[in-house]
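As structure tokens, the structure follows; a few thoughts come after it.
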Protein chains: 2
Amino acid sequence: MPKAQRMAQMLTVAEEIFAEQGYLATSMDEIAERVGVSKPMLYEYFGSKEGLLIGCIHRARTELREKTAAAIAGAGSPEEFLRLGLRAFFEFIVDHQRSWALLRQEAAIAVPSAQEEVEGIRQQQTDMIGSVLVSFAPEIDQLEAEAFAEIVVGACERLAVWCERRPSVGPALATDYVMAVIWPGVAEKLRKLPELAPHA
Amino acid sequence: MPKAQRMAQMLTVAEEIFAEQGYLATSMDEIAERVGVSKPMLYEYFGSKEGLLIGCIHRARTELREKTAAAIAGAGSPEEFLRLGLRAFFEFIVDHQRSWALLRQEAAIAVPSAQEEVEGIRQQQTDMIGSVLVSFAPEIDQLEAEAFAEIVVGACERLAVWCERRPSVGPALATDYVMAVIWPGVAEKLRKLPELAPHA
DNA sequence: GCTCGTAACTTACTTCGAGTAACCTACTGC
DNA sequence: GCAGTAGGTTACTCGAAGTAAGTTACGAGC
């Protein structure tokens with residue numbers, strides 16, 4: 001089997017087993033067996049157990065970025081941007097419940113450099129939100145915009161975990177909940193800014 | 001040394017080393033050595049490496065609960081409850097940067113049962129927030145109150161991590177940021193409820 | 001003031017899994 | 001038909017979790 005295809009298969013299997021059992025409880029032998037290949041092949045392609053985990057996270061990250069970018073492409077107002085972005089995030093979560101659990105709960109942790117990879121995902125999200133705020137309100141305090149973005153990302157992550165225990169809450173409702181809490185505060189901030197700096 | 005005292009010492013050392021190096025990179029021999037005792041003593045008192053980690057988390061959890069409870073004791077309005085609770089949380093974080101890193105970043109974890117312990121901390125927080133909402137607005141939709149609580153807890157956790165990279169943002173400012181984003185939305189919800197259910 | 005019981009502790013293992021060295025095999029271009 | 005290489009394997013090392021069995025310190029009872 002060609003390398004690229006084999007790597008993709010390894011990532012799929014690893015993501016599944018990591019999500020099932022947790023990172024620590026999973027052995028490389030087990031992954032290798034389920035892939036139908038021997039352990040050194042995993043090391044050939046991913047270097048280490050940690051490398052394999054990072055590969056999983058990286059792939060998920062790429063996918064999430066693409067979906068989010070596509071979702072917000074047509075948005076016109078800050079509210080619409082936020083709503084579409086959040087919606088894309090929650091839809092990604094339900095499609096990838098297992099690997100999301102892995103990313104958010106298992107990986108954040110065990111492995112320092114996997115953590116950086118997870119941070120990278122958050123960075124994408126906060127950058128997106130921060131850029132929306134800044135593009136619609138260039139006068140906003142930089143620090144405050146960052147804090148807002150972090151707050152929204154944190155809220156979504158946590159709510160996504162909660163949604164797993166509440167199957168009745170789908171992406172649409174989750175988005176509504178988050179928007180209901182945060183939008184009035186964000187809107188108020190955006191409204192006040194032009195008063196403070198009327199030019200722009 | 002008596003058991004209770006030795007256990008406390010072990011927890012302190014373990015928390016420190018776990019936070020420094022991460023859970024995976026820390027060996028029980030290393031902890032034992034730094035405690036000045038042999039490895040089987042750790043197993044005698046905590047059963048496993050995971051058990052030791054859970055012990056650390058549990059202790060931090062207890063402390064956080066006590067501080068939060070004390071902080072919100074005198075609150076009169078929902079806004080005050082939230083503000084004091086959040087403030088207590090952020091103050092706990094800066095006082096315990098190390099163990100917080102452990103809880104949130106390291107322990108968020110690779111270890112399933114440690115995760116339950118971390119979930120327990122969140123449960124405390126969401127319960128607190130949920131009970132505030134319910135006590136001030138008994139008509140609120142149960143599911144929505146839970147979602148609100150999760151959103152607030154998620155926002156705070158994320159912002160706490162961000163604060164570590166922004167030493168200029170102390171507990172007071174962090175609390176302000178979170179309140180600025182979430183309070184208008186929560187207030188709006190509480191205001192609307194009596195219209196929907198005018199008795200209570 | 002001796003000894004019995006137990007709490008606190010240690011040494012010396014076993015086991016298991018991450019990571020590696022060295023070797024094999026089949027196909028592709030020439 | 002042979003060389004080089006991509007894709008693969010077997011069989012190890014090594015480090016760390018966890019354990020069995022034994023040792024020391026010390027207070028209670030006689």
Side-chain angles (χ1 to χ4, degrees), chain A residues 1-58 102 106-107 109-117, chain B residues 1-58 102 106-107 109-117:
Chain A
M1 190 180 293
K3 179 169 172 176
Q5 193 180 336
R6 183 64 89 193
M7 284 181 83
Q9 183 200 10
M10 286 170 172
L11 287 177
T12 302
V13 171
E15 196 173 296
E16 189 175 321
I17 308 191
F18 282 152
E20 260 171 33
Q21 314 185 346
Y23 176 77
L24 274 185
T26 303
S27 77
M28 292 294 267
D29 284 303
E30 193 180 349
I31 297 173
E33 195 188 346
R34 225 145 104 181
V35 170
V37 91
S38 69
K39 191 168 59 165
M41 287 307 296
L42 294 173
Y43 284 90
E44 174 69 22
Y45 290 158
F46 294 99
S48 65
K49 189 182 182 184
E50 189 176 322
L52 183 55
L53 176 64
I54 289 173
C56 292
I57 298 170
H58 194 82
L102 167 70
E106 307 291 334
I109 314 299
V111 190
S113 48
Q115 183 155 339
E116 285 167 28
E117 204 59 37
Chain B
M1 191 182 293
K3 181 169 172 175
Q5 193 179 336
R6 183 64 91 191
M7 284 180 83
Q9 183 200 10
M10 286 170 173
L11 288 177
T12 301
V13 170
E15 195 173 296
E16 190 175 321
I17 307 191
F18 282 151
E20 259 170 35
Q21 315 185 344
Y23 176 75
L24 277 185
T26 303
S27 77
M28 292 294 267
D29 283 303
E30 192 180 348
I31 297 174
E33 194 188 345
R34 222 143 105 182
V35 171
V37 91
S38 70
K39 191 168 58 166
M41 287 308 297
L42 294 174
Y43 285 90
E44 174 70 22
Y45 290 160
F46 294 99
S48 64
K49 189 181 181 184
E50 189 176 322
L52 183 55
L53 176 64
I54 290 173
C56 292
I57 298 170
H58 193 83
L102 169 69
E106 305 295 330
I109 308 198
V111 190
S113 47
Q115 185 155 344
E116 284 168 30
E117 204 59 38

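The basis for the numbers below is simple: all heavy atoms, side chains too, and nothing from hydrogens, waters or symmetry mates. The chains referred to below are lettered A, B, ... by the order of the sequence lines, with proteins before strands, and numbering in each begins at 1.
Note on B:Ser27: every side-chain N or O is 4.0 Å or more away from OP1 and OP2 of D:dA16. A sub-4.0 Å separation between OP1 or OP2 of C:dA8 and a side-chain N or O of B:Tyr45 is present. Proximity of B:Lys49 to the phosphate of D:dA17: a side-chain N or O atom is located under 4.0 Å from OP1 or OP2. Checking the phosphate oxygens (OP1, OP2) of D:dG8, a side-chain nitrogen or oxygen of A:Arg6 falls inside 4.0 Å.
Interatomic distance, B:Glu15 CD to B:Glu20 CD, rounded to the nearest 0.5 Å: 11.5 Å. Here A:Met41 contributes atom CE and A:Met1 contributes atom CE; the two are 10.5 Å apart, rounded to the nearest 0.5 Å. B:Leu11 CG to B:Ile54 CD1: the interatomic distance, rounded to the nearest 0.5 Å, is 12.0 Å. The CD1 atom of A:Ile31 sits 6.0 Å away from the OG1 atom of A:Thr26 when rounded to the nearest 0.5 Å. Note: A:Lys39 NZ to A:Leu42 CG = 9.0 Å, rounded to the nearest 0.5 Å.
Distance, A:Leu42 CG to C:dA18 C1': 11 Å, rounded to whole Å. Residue A:Glu44 contributes atom CD, which lies 13 Å from atom C1' of C:dA21 at whole-angstrom precision. We find that OH of B:Tyr23 is positioned 14 Å from P of D:dA16, with the value rounded to whole Å. If you take CE of B:Met41 and C1' of D:dT19, they are 15 Å apart, rounded to a whole angstrom. If you take CE of B:Met7 and P of C:dA8, they are 11 Å apart, rounded to a whole angstrom.
Listed by residue number, the members of residues 29-37 of chain A with any heavy atom below 4.0 angstrom from DNA chain D are A:Val37.
In this structure, A:Lys49 forms no cation-pi arrangement with A:Phe18, as its terminal cationic atom is not both closer than 6.0 Å to the ring centre and no more than 45° off the ring axis.
The side chain of A:Ser48 has C:dG19 as its nearest neighbour among C:dG19, D:dT19, D:dG7. Distance from the side chain of B:Tyr43 is smallest for D:dA17 among the nucleotides D:dA17, C:dA18, D:dA11.
Residues B:Val37 and B:Met10 meet the side-chain proximity criterion, which asks for heavy atoms closer than 4.5 Å. When side chains are defined from C-beta on, B:Met28 counts as touching B:Leu52, because their heavy atoms get closer than 4.5 Å.
At the heavy-atom level, B:Met28 lies under 4.0 Å from the strands shown only through sugar-phosphate atoms. Base engagement by A:Pro40 is indicated by at least one non-hydrogen atom pair under 4.0 Å involving a base atom.
In plain terms, the two heavy atoms of B:Glu30 and B:Ala25 that are nearest each other are OE1-O, 4.3 Å. B:Ala14 and B:Cys56 make their closest contact through CB-SG, 3.9 Å (heavy atoms, listed as atom of the first residue, atom of the second, distance). Minimum interatomic distance between A:Val13 and A:Arg34 (heavy atoms only, all atoms of both residues): CG1-CB, 3.9 Å.
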Check nucleotides 12-15 of chain D against the protein and report each pair of N or O atoms closer than 3.5 Å, with its distance, or say if there are none.
none

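Using a distance-only test at 3.5 Å, with no hydrogens or angles considered, no donor-acceptor pair links the side chain of B:Lys3 to the main chain of B:Tyr45.
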Dot-bracket encoding per residue of DNA chain C, Watson-Crick/G-U cut-off under 3.5 Å, | denoting interstrand:
||||||||||||||||||||||||||||||

